[in-house]
There are 2 protein chains.
Amino acid sequence: MSVTKKRSDCPVSCSLDVWGDKWSLLIIRDLMTAKACTYGDFLKAPEGIATNILAARLQALEENKIIKKLPHPDSKAKVLYKLTQKGIDLLPVMVEVNLWAEKYFSIPEDRKALLKEVKKDKAGFIKAMMKELES
Amino acid sequence: MSVTKKRSDCPVSCSLDVWGDKWSLLIIRDLMTAKACTYGDFLKAPEGIATNILAARLQALEENKIIKKLPHPDSKAKVLYKLTQKGIDLLPVMVEVNLWAEKYFSIPEDRKALLKEVKKDKAGFIKAMMKELES
DNA sequence: TATTTACACTTGCAAAATGCAAGTAAAGTT
DNA sequence: AACTTTACTTGCATTTTGCAAGTGTAAATA
């Protein structure tokens, strides 16, 4: 019985990989735009994440303390997911990613409008957005 | 005979995923620190990428025009990989990632030293670094 | 009160991606 | 001419993913 090594256990030293793959990214993106989401909200994302993958990613992100689970104020049956401070601190990364994406891809209009704000005052935008996410 | 759909074909709209997974990221990281690498250089990275995966990622990154293949000045047997302008433009993202990583993880000393420079003058650092990569 | 419905998941299984070891072909070295 | 270096490719076992269906609890509805 040999021990199976997993390459994925070894992080790339720039640490971008700690937040994982595209599906984890989708979760973080949704949480940055909506501030708080339920399990169902993530499932509704246009990219179409599979429910088992969503569950796995939410668990991993929680274990890495990038997101946190909170009781929903409206109902005991619901769960609210939010970014932790560690997750919120990824905002500058996301902003740069979007600026890059705007340059090389076509992006939705609402995102373009936001980026217009960013370009006026990047530091100010990030500070304000972070404050919003923290509340 | 049903058509198999691949989830991975659908990009997350923030477009962080266009540069792919952790192995693609390793390639980009190496190219940002070393400016130009051979196939063997990537294989030597401490994270230990498998050769077939490396080949696949190099091809994908080239198809996405993030890296380019150049003839090696020393030998016809060698190939030089470099970042394209599109790849170089990912530098601000990488800088933010590293700033985040420094806050929440332990990172190598040489990287810490670089980040000290970054914190003194982020815009200046990025501009200078980009210029270096373009040459 | 009984019974659907909503919500947050879990499970089983086929298909795809990954990791490892070994192999190949062209170029460079001795 | 034989050996090595370099950039890959190939085969196969293991792991991960995607899809569909199912489970359990709380809330809404009849």
At under 4.0 Å, does any side-chain N or O of B:Trp23 touch on OP1 or OP2 of C:dG19? yes
Donor-acceptor contact present, side-chain A:Tyr81 to main-chain A:Phe42, <3.5 Å: no
Mind checking side-chain hydrogen bond (donor to acceptor under 3.5 Å, both in side chains) for B:Asp30 and listing every partner two or more places apart, or none if nothing turns up? none
Mind checking what makes salt bridge (Lys or Arg N to Asp or Glu O under 4.0 Å) contact with A:Lys44, not counting sequence neighbours? A:Asp41
Starting at CD of B:Gln59 and ending at P of C:dA17, how long is that distance when rounded to a whole Å? 13 Å
A:Ile53, nearest nucleotide to its side chain (from D:dC8, D:dG18, C:dT18): D:dG18
Would you check if the side chain of B:Thr84 reaches a backbone N or O of B:Lys65 as a donor-acceptor pair within less than 3.5 Å? yes
Given D:dC8, C:dC9, C:dC20, the nucleotide with the shortest approach to the side chain of A:Lys69: C:dC9
NZ of B:Lys69 to OH of B:Tyr39, rounded to nearest 0.5 Å, is 10.0 Å
Atom CG of B:Leu26 and atom P of C:dT18: how far apart are they, to the nearest Å? 14 Å
Let's see if you get this right: which residues in residues 30-37 of chain B place a heavy atom under 4.0 Å from DNA chain D? none
C:dG19 phosphate, OP1 or OP2, under 4.0 Å from B:Arg57 side-chain N/O: no
Looking at B:Pro71, is its backbone amide N or carbonyl O close enough to the side chain of B:Lys76 to form a donor-acceptor pair, meaning the two atoms are under 3.5 Å apart? no
B:Lys22 NZ to C:dA17 C1', straight-line distance once rounded to whole Å: 15 Å
Can you build the contact string for nucleotides 20-30 of chain D? Use B for base contact, S for sugar-phosphate-only contact, and - for no protein heavy atom under 4.0 Å. -B----SS---
In terms of side-chain heavy atoms, does A:Gln85 have a donor or acceptor partner in A:Asp89 at a distance below 3.5 Å? yes
Roughly how many Å is it from NZ in A:Lys44 to P in C:dA6, rounded to a whole number? 11 Å
Nearest-Å distance for atom pair CG/P, residues B:Leu54 and D:dT6: 14 Å
Proximal nucleotide (of D:dT17, D:dT9, C:dC9) relative to the B:Ala55 side chain: D:dT9
For the pair made of CG in B:Leu80 and P in D:dT6, what is the distance, rounded to whole Å? 13 Å
Would you check if the side chain of A:Trp23 reaches a backbone N or O of A:Ala56 as a donor-acceptor pair within less than 3.5 Å? no
Would you sort out whether B:Arg57 and B:Asp21 count as a side chain to side chain contact (heavy atoms under 4.5 Å, CB included), showing the intermediate values? CA-CA 9 Å; B:Arg57 293 302 177 278; B:Asp21 67 349; 2.9 Å; yes
Rounded (10°) bend between the five-pair end axes of the helix from C:dT1-D:dA30 to C:dT30-D:dA1: 10°
Pairs touching residues 124-135 of chain A that satisfy salt bridge (Lys or Arg N to Asp or Glu O under 4.0 Å), sequence neighbours left out: A:Lys35-A:Glu132
Is it possible for you to say whether A:Leu31 and A:Leu114 belong to one hydrophobic cluster, with membership spreading through side-chain heavy-atom contacts below 4.5 Å? yes
Rounded to the Å, how far apart are B:Asp41 CG and D:dT6 P? 9 Å
Is B:Tyr81 close enough to D:dT6 that one of its side-chain N or O atoms is under 4.0 Å from OP1 or OP2 there? no
Within the 4.5 Å heavy-atom criterion, are A:Leu115 and A:Ile107 side-chain neighbours or not? yes
D:dC8 phosphate, OP1 or OP2: any side-chain N/O from B:Lys78 under 4.0 angstrom? no
Send over the distance from B:Leu58 CG to D:dA7 P, rounded to a whole Å. 10 Å
